[in-house]
Number of protein chains: 2
Amino acid sequence: MTDTLLAPPDDPNPEGARARILETASRLFYQHGLRGVGIDRIIAESGVAKMSFYRHFPAKDDLIRAYLEGRHRRWLAGFQARLAARPPELAAVVDILLAWAAEPDYRGCAFINAVAEVGEGIAGVAAIARAHKDDLQRLLAEWLAPRLGERAPMAARCAMVVVEGLIVRSQMGEGELLANDGRWLLQRVEAEFGTE
Amino acid sequence: MTDTLLAPPDDPNPEGARARILETASRLFYQHGLRGVGIDRIIAESGVAKMSFYRHFPAKDDLIRAYLEGRHRRWLAGFQARLAARPPELAAVVDILLAWAAEPDYRGCAFINAVAEVGEGIAGVAAIARAHKDDLQRLLAEWLAPRLGERAPMAARCAMVVVEGLIVRSQMGEGELLANDGRWLLQRVEAEFGTE
DNA sequence: TGCGCAATATACAGACCTGTCTACATCAAC
DNA sequence: GTTGATGTAGACAGGTCTGTATATTGCGCA
């Protein structure tokens, strides 16, 4: 299992201008925000010529969408791998989220952050973020299905509210008792939808 | 009661450069993000000269902090006024939040958004945001106290996780079943901490 | 009347940002 | 060997951003 929640890059080959640009942009965008990082910095830190950049990404917004789509795939892959390693009890979700939040460069959910920053200001961003959350909810529902049956989708929907709350509160530095509260809330969800 | 959750400005007098600047900045910063609005636009839309602006706010970051502090006071005042009008049952919180989320210019929590956008990038922003959340949690605990007694602080802490989840999910456009899920989750919290 | 203060209008400096352009190097395929 | 795709290096245009400087106006007040 990887050290970080995020699965490794699609293209592990550090050669290739496009892969290097995406890798650098992912790190910088997540850390400093979409508008907090300029093209020049991404070009400099990825060791690529400006013309190479604009050959692969006609505009900065294209890079932003590619970053979000890549992160969507990698984050979900990493999350799914960790989920699959545990029986379908929602306490596992709290463990995974809090291990993620404890990573040194943790800055919350990249998709919440992107919507919070630019809203509808960059075409496609809101749609990608929504798709990410939908896929995560679906993933949870499928994982819960063996235990909760046809009620799994409803449980996943409720769990998502708690999941978002845990992500945001840990981002705001409220790390103290999140493990207890999160575990307890999700146990309630599980109990509700697990019983007949 | 006001039409919006936000209480009216501290200085309802639209005369005075400082008040007009803050009013304009509040609207624009909330709507387009801190880095998405330039000084020039704020100056133009508030009908103020550039020198007047810099007399009141030595730098843009000072305006940003003033905006967040003002919003902190006004939002909490508006929320408290609505809470006070209802008996301390957590379903009221869901009603208030969803009425807020239904306002036409709703874009989530200004403090979550500010932290999501700039993180530690602007001095003081993270601290103001944390103070806002702490005060909100305290307010909830005090409101719940007549009903839940000494367990009110714990209930408020759990409720905050759900509150953040509801705010973020409604911001991401997931408005469908939030009322049901939110009400149900908070009823669980209430039941847990209300029984002996 | 004249002083002082707050505000206005506007020009400007210097940095940074996105995106384009030219010129050249490498290398594989046909 | 020529062609085309991919890459590097760096200058440049045009816009926007923050923040400063200059000159002027309106007004209360002594």
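If you're wondering where the values come from, they're calculated on a predicted model, not measured in any experiment. Below, read A as the first sequence line, B as the second, and so on, with proteins coming before strands; counting in each chain starts at 1.
Side-chain contact between Leu178(A) and Val94(A) is absent, with no heavy-atom pair separated by less than 4.5 Å. In this structure the side chain of Asp40(A) reaches within 4.5 angstrom of the side chain of Lys50(A), judged on heavy atoms. Side chains of Met160(A) and Glu174(B) form no contact here, defined as non-hydrogen atoms less than 4.5 Å apart. Taking the side chain as every heavy atom from C-beta outward, Leu90(B) and Trp143(B) approach each other to under 4.5 Å. Two residues are said to be in side-chain contact when any heavy atoms from C-beta on lie closer than 4.5 Å; Val161(B) and Val168(A) fail this criterion. Side-chain atoms of Arg65(B) and Ile122(B), non-hydrogen and from C-beta on, do get closer than 4.5 Å to each other. Considering only heavy atoms from C-beta on, Thr24(B) stays 4.5 Å or farther from Arg41(B) through its side chain.
Grouping the Ile, Leu, Val, Met, Phe, Trp and Tyr side chains by contacts below 4.5 angstrom, directly or via other members, places Val93(A) with Leu76(A). Under a hydrophobic-cluster definition in which Ile, Leu, Val, Met, Phe, Trp and Tyr are linked whenever side-chain heavy atoms come within less than 4.5 Å, directly or via other members, Ile39(B) and Met51(B) are assigned to different clusters.
For the pair Arg169(B) and Asp181(B), the salt-bridge criterion is not met [side-chain N within less than 4.0 Å of a carboxylate O].
Distance, Arg41(A) CZ to dT18(C) C1': 17 Å, rounded to whole Å. Whole-Å rounding puts the Phe53(A) CZ to dC17(C) C1' distance at 12 Å.
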Under 3.5 Å donor-acceptor pairs involving side-chain atoms of residues 104-118 of chain B, not counting sequence neighbours:
residue: Tyr106(B); atom: OH; partner: Ile167(B); partner atom: O; Å: 3.0
residue: Tyr106(B); atom: OH; partner: Ser170(B); partner atom: OG; Å: 2.9
residue: Arg107(B); atom: NE; partner: Tyr30(B); partner atom: O; Å: 2.9
residue: Arg107(B); atom: NE; partner: Gln31(B); partner atom: O; Å: 2.9
residue: Arg107(B); atom: NH1; partner: Val115(A); partner atom: O; Å: 3.4
residue: Arg107(B); atom: NH2; partner: Ala116(A); partner atom: O; Å: 2.9
residue: Asn113(B); atom: OD1; partner: Gln171(B); partner atom: NE2; Å: 3.3
residue: Asn113(B); atom: ND2; partner: Arg107(B); partner atom: O; Å: 2.7
residue: Glu117(B); atom: OE1; partner: Leu34(B); partner atom: N; Å: 2.9
residue: Glu117(B); atom: OE2; partner: Leu34(B); partner atom: N; Å: 3.3
residue: Glu117(B); atom: OE2; partner: Arg35(B); partner atom: N; Å: 2.7

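Between Phe57(B) and Phe53(B), the angle of the ring planes lies from 30° to 60°, which puts this pair in the tilted group.
Here the CE-CH2 distance, from Met154(A) to Trp184(B), works out to 10.5 Å after rounding to the nearest 0.5 Å.
In the region residues 30-40 of chain B, proximity to DNA chain C at under 4.0 angstrom, judged on heavy atoms, holds for none of the residues. The stretch residues 45-52 of chain B comes close to DNA chain D through Lys50(B), Met51(B), each having a heavy atom under 4.0 Å from the strand. Within residues 118-129 of chain B, no residue has any heavy atom under 4.0 Å from DNA chain D. At a non-hydrogen distance threshold of 4.0 Å, nothing from residues 57-69 of chain A comes into contact with DNA chain D.
The side chain to side chain donor-acceptor pair (under 3.5 Å) test with His132(B) is passed by exactly one of Gln137(B), Glu69(B), His72(B), Arg71(B): His72(B).
Interface limits on DNA chain D: the 5'-most and 3'-most nucleotides within less than 4.0 Å of chain B heavy atoms are dT18(D) to dT22(D).
One finds no side-chain N or O of His56(B) lying less than 4.0 angstrom from the OP1 or OP2 phosphate oxygen of dA6(C).
Nearest heavy-atom pair, Ala152(B) versus Ala141(B), reported as atom, atom and distance to 0.1 Å: CB-O, 3.4 Å.
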